[in-house]
Amino acid sequence: MKILFSGNDFKYETEATVKLFVPSRFTFHYDITDTDGDMVMTRLKTGKEYTYLYAYCRIDNRYKRKAAHLENTLADRQNCEHELCRLVYLCLQALTGITPPWGLMTGIRPVKRMADLINSGMNKEQSFNALKDRFMVSDKRLELAYMTAVNQIPLIGGYSQKTVSLYISIPFCPTRCSYCSFVSHSMESAYKLIPDYIDYLCREIAITGELIKDLDLKIDTVYIGGGTPTSITAQQLKQVTDALAENIDMSAVREYNVEAGRADTITREKLRVIKAAGADRISVNPQTLNNEVLKIIGRNHTAEDTINAFLTAREEGFDNINMDLIAGLPGDTPESFHSTLDRIMALEPESITVHTLTIKRSASLYEKNQSRFAKAPAAEMLDESIKRLPENGYLPYYLYRQKNTVENLENIGFAKKGRESLYNIFIMDETQTILGAGCAASTKIVQPDGKITRIHNYKFPYEYINRFDELMKKKQKIYELME
């Protein structure tokens with residue numbers, strides 16, 4: 001599809017708006033007013049007193065036009081961009097018959113917007129009206145955002161600039177799932193790199209420990225993620241947790257997470273290493289308990305393996321376990337998903353995170369099976385979760401959205417009261433600095449004025465290893481920013 005701009009260059013938000021309705025590749029053209037085929041055109045023209053805005057959309061030889069105007073005193077870039085996107089939204093809504101649940105809200109943090117309104121003194125009705133008027137968000141999603149914000153607000157704040165969290169990346173998996181777009185590497189292709197990678201990761205942990213001491217920082221939460229951290233051996237995992245214990249003061253840590261992940265990597269020996277390190281929260285992630293769907297997405301374990309891994313973790317003393325599900329997996333059905341949800345709730349984990357299938361261009365499903373995943377009834381699956389989980393004591397506490405998510409839906413973390421993951425809230429709320437170590441990790445520094453600076457580690461293990469010294473010089477910028 002072609003997207004045309006006349007008198008404006010609002011490419012990013014216009015593309016995000018069109019993607020709410022049309023899962024397509026786009027070409028962009030400037031100062032062209034017409035073309036053949038499917039297209040979206042926005043036009044901005046400034047007069048003496050008013051700025052005039054127009055949207056024209058054509059799909060399958062059907063078209064819609066919308067127009068509006070703003071007083072020139074109000075026609076700044078932000079208002080003009082929003083109004084043009086609103087006109088495009090209304091045109092495409094009429095042409096496609098689709099009404100996105102989050103309306104025109106294309107950002108990934110709708111709960112943060114809701115929380116800001118609540119913290120400004122607005123009541124529930126006022127908050128709802130503010131978001132509905134500007135973004136046309138559905139009542140159901142407004143209720144979800146409000147419930148999540150109310151549960152989240154008491155858990156945020158009360159810490160100083162000297163309080164930070166720490167993320168450790170172990171970017172390996174036994175196989176790569178067909179929907180996955182994370183920078184993770186299968187054991188088969190990366191096996192030879194793992195020993196060196198672990199050595200360099202431990203070096204970075206030591207350097208990070210020195211930085212934490214020099215800047216007099218306190219670690220609030222720790223998250224070891226990936227990939228699948230339990231893809232490596234128990235001895236290698238212990239090497240990482242020992243490096244943390246030896247180089248970083250963990251005495252003030254409120255939450256120590258390890259993403260145990262896939263059942264085919266979890267062993268009793270690895271669980272004991274994690275437990276001995278002091279980790280108090282782990283994830284055992286089934287994604288689905290339908291064995292046929294597991295095969296389709298490239299998992300080498302069964303639903304029974306996941307249940308056994310969960311029960312083994314309980315036997316080893318873990319009393320704070322999260323389990324991840326994905327709505328909209330290829331081959332899954334609402335009935336199958338609801339069965340998975342029932343079986344997971346019967347296990348009584350402390351938290352359940354429900355993701356909506358998101359497939360980016362680097363995932364194999366994007367090219368191989370695009371039409372199949374596009375038709376997955378994810379909305380029905382997610383709606384069932386939103387209804388059933390609170391009824392069973394699991395309340396939403398964090399929520400975020402991603403690009404290319406099936407049916408423009410969201411990912412939601414549900415937890416029993418008092419079992420919410422602080423790290424998950426901090427990574428979404430962006431009010432606490434997070435230091436990242438390892439391949440593809442990102443350091444996110446939140447300064448007192450709210451400005452956020454990101455320092456990204458190299459994406460691939462071989463690059464991380466070969467350019468390690470260069471990366472450590474780059475990360476010296478943390479001193480400047482934190483001081």
Side-chain angles (χ1 to χ4, degrees), residues 23 172-182 184 186-189 226-228 230-231 259-267 283-313 321-349 352-389 392 402 404-407 409-412 414:
F172 304 101
C173 287
T175 60
R176 183 165 178 164
C177 297
S178 58
Y179 58 80
C180 184
S181 62
F182 286 112
S184 58
S186 69
M187 302 297 283
E188 184 179 353
S189 64
T228 305
T230 46
S231 294
E259 188 83 18
R262 293 172 50 157
D264 50 352
T265 67
I266 297 173
T267 66
S283 289
V284 177
N285 298 334
Q287 318 303 18
T288 176
L289 293 182
N290 182 318
N291 287 330
E292 290 304 311
V293 176
L294 286 170
K295 289 178 184 176
I296 290 171
I297 65 175
R299 289 289 185 104
N300 290 336
H301 64 82
T302 65
E304 291 69 27
D305 292 332
T306 298
I307 293 170
N308 288 335
F310 177 89
L311 296 176
T312 301
I321 302 176
N322 173 73
M323 301 189 85
D324 280 5
L325 304 179
I326 298 180
L329 287 171
D332 209 359
T333 65
E335 294 75 20
S336 167
F337 181 85
H338 299 164
S339 173
T340 290
L341 189 61
D342 286 338
R343 293 171 70 187
I344 293 300
M345 287 192 294
L347 291 172
E348 297 187 354
I352 298 172
T353 305
V354 183
H355 299 270
T356 305
L357 180 67
T358 299
I359 301 182
K360 297 185 180 180
R361 292 177 184 178
S362 59
S364 63
L365 272 181
Y366 189 90
E367 296 296 341
K368 293 179 182 177
N369 213 5
Q370 189 170 359
S371 62
R372 188 175 188 178
F373 75 74
K375 295 177 182 177
E380 186 177 342
M381 298 176 183
L382 199 62
D383 285 349
E384 180 74 4
S385 303
I386 294 169
K387 176 180 179 291
R388 294 282 310 286
L389 285 167
N392 286 272
Q402 293 172 272
N404 305 313
T405 299
V406 171
E407 300 180 48
L409 296 168
E410 63 281 332
N411 308 298
I412 316 169
F414 296 87

Participant: I'd like to check V354 versus F337 (side-chain heavy atoms, cut-off strictly below 4.5 Å). Are they in contact?
Facilitator: yes

Participant: Using the side-chain contact (heavy atoms from CB on, under 4.5 Å) rule, pick out the option among I297, D332, I326 that qualifies with L357.
Facilitator: I326

Participant: Could you tell me which residues satisfy side chain to side chain contact (heavy atoms under 4.5 Å, CB included) with A263, sequence neighbours excluded, listed by chain and number?
Facilitator: H301, D305, T306, A309

Participant: Going by the rule side chain to side chain contact (heavy atoms under 4.5 Å, CB included), which residues pair with A303 if we only count those two or more places apart in sequence or in a different chain?
Facilitator: L289, N291, R343

Participant: Got a list of side-chain donor-acceptor pairs under 3.5 Å for residues 377-384, not counting sequence neighbours?
Facilitator:
unit_1 : atom_1 : unit_2 : atom_2 : d
D383   : OD1    : R141   : NH1    : 3.3
E384   : OE2    : R388   : NH1    : 3.4

Participant: Distance check, rounded to the nearest 0.5 Å: C173 atom SG versus D264 atom CG?
Facilitator: 9.0 Å

Participant: side-chain hydrogen bond (donor to acceptor under 3.5 Å, both in side chains) with S283: which of T353, N322, D324?
Facilitator: N322

Participant: Show the nearest heavy-atom pair for residues M323 and F310, with the distance to one decimal.
Facilitator: SD-CD1, 3.7 Å

Participant: Could you tell me which residues satisfy side-chain hydrogen bond (donor to acceptor under 3.5 Å, both in side chains) with N308, sequence neighbours excluded, listed by chain and number?
Facilitator: none

Participant: Roughly how far, to the nearest 0.5 Å, is the CZ atom of F414 from the CG atom of N392?
Facilitator: 11.5 Å

Participant: What is the distance from atom CG of L389 to atom CE of M345, rounded to the nearest 0.5 Å?
Facilitator: 5.5 Å

Participant: If we ignore hydrogens and angles and just use 3.5 Å, is the side chain of T288 paired with the main-chain N or O of N290 as donor and acceptor?
Facilitator: yes

Participant: Between E259 and T228, is a side-chain contact (heavy atoms from CB on, under 4.5 Å) present by the stated rule, with each step listed?
Facilitator: CA-CA 7 Å; E259 188 83 18; T228 305; over 6 Å; no

Participant: Can you tell me how far the CD atom of Q287 sits from the NE2 atom of H355, to the nearest 0.5 Å?
Facilitator: 7.0 Å

Participant: Do T356 and I412 come close enough that some side-chain heavy atom pair is under 4.5 Å?
Facilitator: no

Participant: OG1/T302 to NZ/K295 distance, rounded to the nearest 0.5 angstrom?
Facilitator: 10.0 Å

Participant: Using side-chain hydrogen bond (donor to acceptor under 3.5 Å, both in side chains) as the criterion, list what pairs up with S385, not counting sequence neighbours.
Facilitator: none

Participant: Is there a donor-acceptor pair closer than 3.5 Å between any side-chain N or O of S231 and the backbone N or O of F172?
Facilitator: yes

